[in-house]
Engineer: 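This is the structure, below, for whatever I ask next.
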Amino acid sequence: MSQKSVLFVCLGNICRSPLAEAALRAEAVAQGLALTIDSAGTSGWHAGSPADPRAQAEALRRGADISGHRARQVVEDDFRKFGHIFALDHQNLKGLRDIAPRRVLARVGLLMDMVPGRAGAAVLDPYYGTEADFATAWDDVAEAARHIVARLSR
Ligand code: 4NP
């Protein structure tokens, strides 16, 4: 397990966490930081599905192609494989803690805790929302991605 590995976890792994994955990939490349990055959902409802078309469109607007993404459910092994696991909201943080094996090396936390001034904030679920909610989700995860890269570059 490398500390330089990050897993993002939302509910369906079709909206927020694929955006977080894409934003962090772009930021890591821009800053020249080698990171292993993935995303998953606490639910398996959409396992095998591509990202929501609205998430794909938002990613493209921000310069990221996530058409190859396929949703998957988080598994126990993720807690051993990843140095950092970030939940996109409190429900999914609880979901992660409920299934975490007893001896966990990964640091599990809320994504927006990485952003000064936004600790305790959720990345709001845009699934039942509008295009603007997907844009807000991107803004949030991109801001968090900048702080993750800065932290892991030290
Ligand atoms: P995500 O969004 O957790 O950001 O991928 C959702 C996707 C699907 C559902 C809810 C949220 N759903 O209820 O199916």
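Heavy-atom basis, side chains included; hydrogens, waters and symmetry copies ignored. One-based numbering along the sequence shown. Whatever order the structure lists them in is the order used to number ligands and atoms, beginning at 1.
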Engineer: Under 3.5 Å, side chain of Gln56 to main-chain N/O of Ala51, donor-acceptor pair present?
Structural biologist: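 Side chain of Gln56 to backbone of Ala51: a pair is present.
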Engineer: Considering only non-hydrogen protein atoms, determine which one is nearest to atom 11 (C) of ligand 1 and report residue, atom name and distance to 0.1 Å.
Structural biologist: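 Heavy-atom neighbour on the protein nearest atom 11 (C) of ligand 1: Asp125 OD2, 3.1 Å.
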Engineer: Based purely on interatomic distance, does His46 place a nitrogen or oxygen under 3.5 Å from a nitrogen or oxygen of ligand 1?
Structural biologist: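 Yes: some nitrogen or oxygen of His46 is under 3.5 Å from one in ligand 1.
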Engineer: Give the residue, atom name and distance (to 0.1 Å) of the protein heavy atom nearest atom 1 (P) of ligand 1.
Structural biologist: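 Atom 1 (P) of ligand 1 sits closest to the protein heavy atom Cys10 SG, 3.4 Å.
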Engineer: With sequence neighbours excluded, what pairs up with Lys94 under the side-chain hydrogen bond (donor to acceptor under 3.5 Å, both in side chains) test?
Structural biologist: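 If we apply the side-chain hydrogen bond (donor to acceptor under 3.5 Å, both in side chains) test to Lys94, skipping adjacent residues, the hits are Asp98.
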Engineer: Will you find, in the side chains of Asp133 and Thr136, an N or O donor that is under 3.5 Å from an N or O acceptor?
Structural biologist: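 Note: Asp133 and Thr136 side chains miss the donor-acceptor criterion.
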Engineer: Note the single closest protein heavy atom to atom 12 (N) of ligand 1, along with its residue, its atom name and the distance in Å.
Structural biologist: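 Sorting protein heavy atoms by distance from atom 12 (N) of ligand 1 puts Tyr127 CE2, 3.5 Å first.
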Engineer: Stepwise, does the salt bridge (charged side-chain N to carboxylate O under 4.0 Å, His left out) test hold for Arg62 with Asp139?
Structural biologist: CA-CA 10 Å; Arg62 310 299 185 115; Asp139 289 340; 3.0 Å; yes
Engineer: Looking at ligand 1, does any of its N/O atoms fall within less than 3.5 Å of an N/O of Gly12?
Structural biologist: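 Yes.
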Engineer: Could you tell me whether a side-chain N or O of Arg25 sits under 3.5 Å from a main-chain N or O of Ile37, the two making a donor and an acceptor?
Structural biologist: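 The answer is yes, because a donor-acceptor pair under 3.5 Å joins these two groups.
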Engineer: Residues in side-chain hydrogen bond (donor to acceptor under 3.5 Å, both in side chains) with Gln73, at least two apart?
Structural biologist: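 By the side-chain hydrogen bond (donor to acceptor under 3.5 Å, both in side chains) rule, Gln73 matches no residue at all.
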Engineer: What atoms of ligand 1 come within less than 4.0 Å of a heavy atom belonging to Leu11?
Structural biologist: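 That gives atoms 3 (O), 10 (C) of ligand 1.
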Engineer: Report the C-alpha separation of Arg61 and Glu58 in whole Å, then their side-chain angles, then the decisive distance to 0.1 Å, and conclude whether the salt bridge (charged side-chain N to carboxylate O under 4.0 Å, His left out) test is met.
Structural biologist: CA-CA 5 Å; Arg61 275 194 286 277; Glu58 185 57 37; 2.7 Å; yes
Engineer: Heavy atom under 4.0 Å from ligand 1: found in Tyr128's side chain, backbone, both, or neither?
Structural biologist: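 Side chain only.
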Engineer: In ligand 1, which numbered atoms sit nearer than 4.0 Å to a non-hydrogen atom of Trp45?
Structural biologist: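 Answer for ligand 1: 12 (N), 13 (O), 14 (O).
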Engineer: For ligand 1, which part of Asn13 has a heavy atom less than 4.0 Å away: the side chain, the backbone, both, or neither?
Structural biologist: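 Contact part for Asn13 vs ligand 1: backbone (N, CA, C, O).
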Engineer: Side chains of Tyr127 and Leu11, heavy atoms from C-beta outward: is any pair under 4.5 Å?
Structural biologist: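 Side-chain contact under 4.5 Å: no.
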Engineer: Given that the side chain starts at C-beta and the backbone is N, CA, C, O, which of these parts of Ile14 lies under 4.0 Å from ligand 1, counting heavy atoms, or is it both or neither?
Structural biologist: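 Near ligand 1, Ile14 shows its backbone as well as its side chain.
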Engineer: Which of the numbered atoms in ligand 1 are under 4.0 angstrom from any heavy atom belonging to Cys15?
Structural biologist: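 Going through ligand 1 atom by atom, the ones under 4.0 Å from Cys15 are 1 (P), 2 (O), 4 (O), 5 (O).
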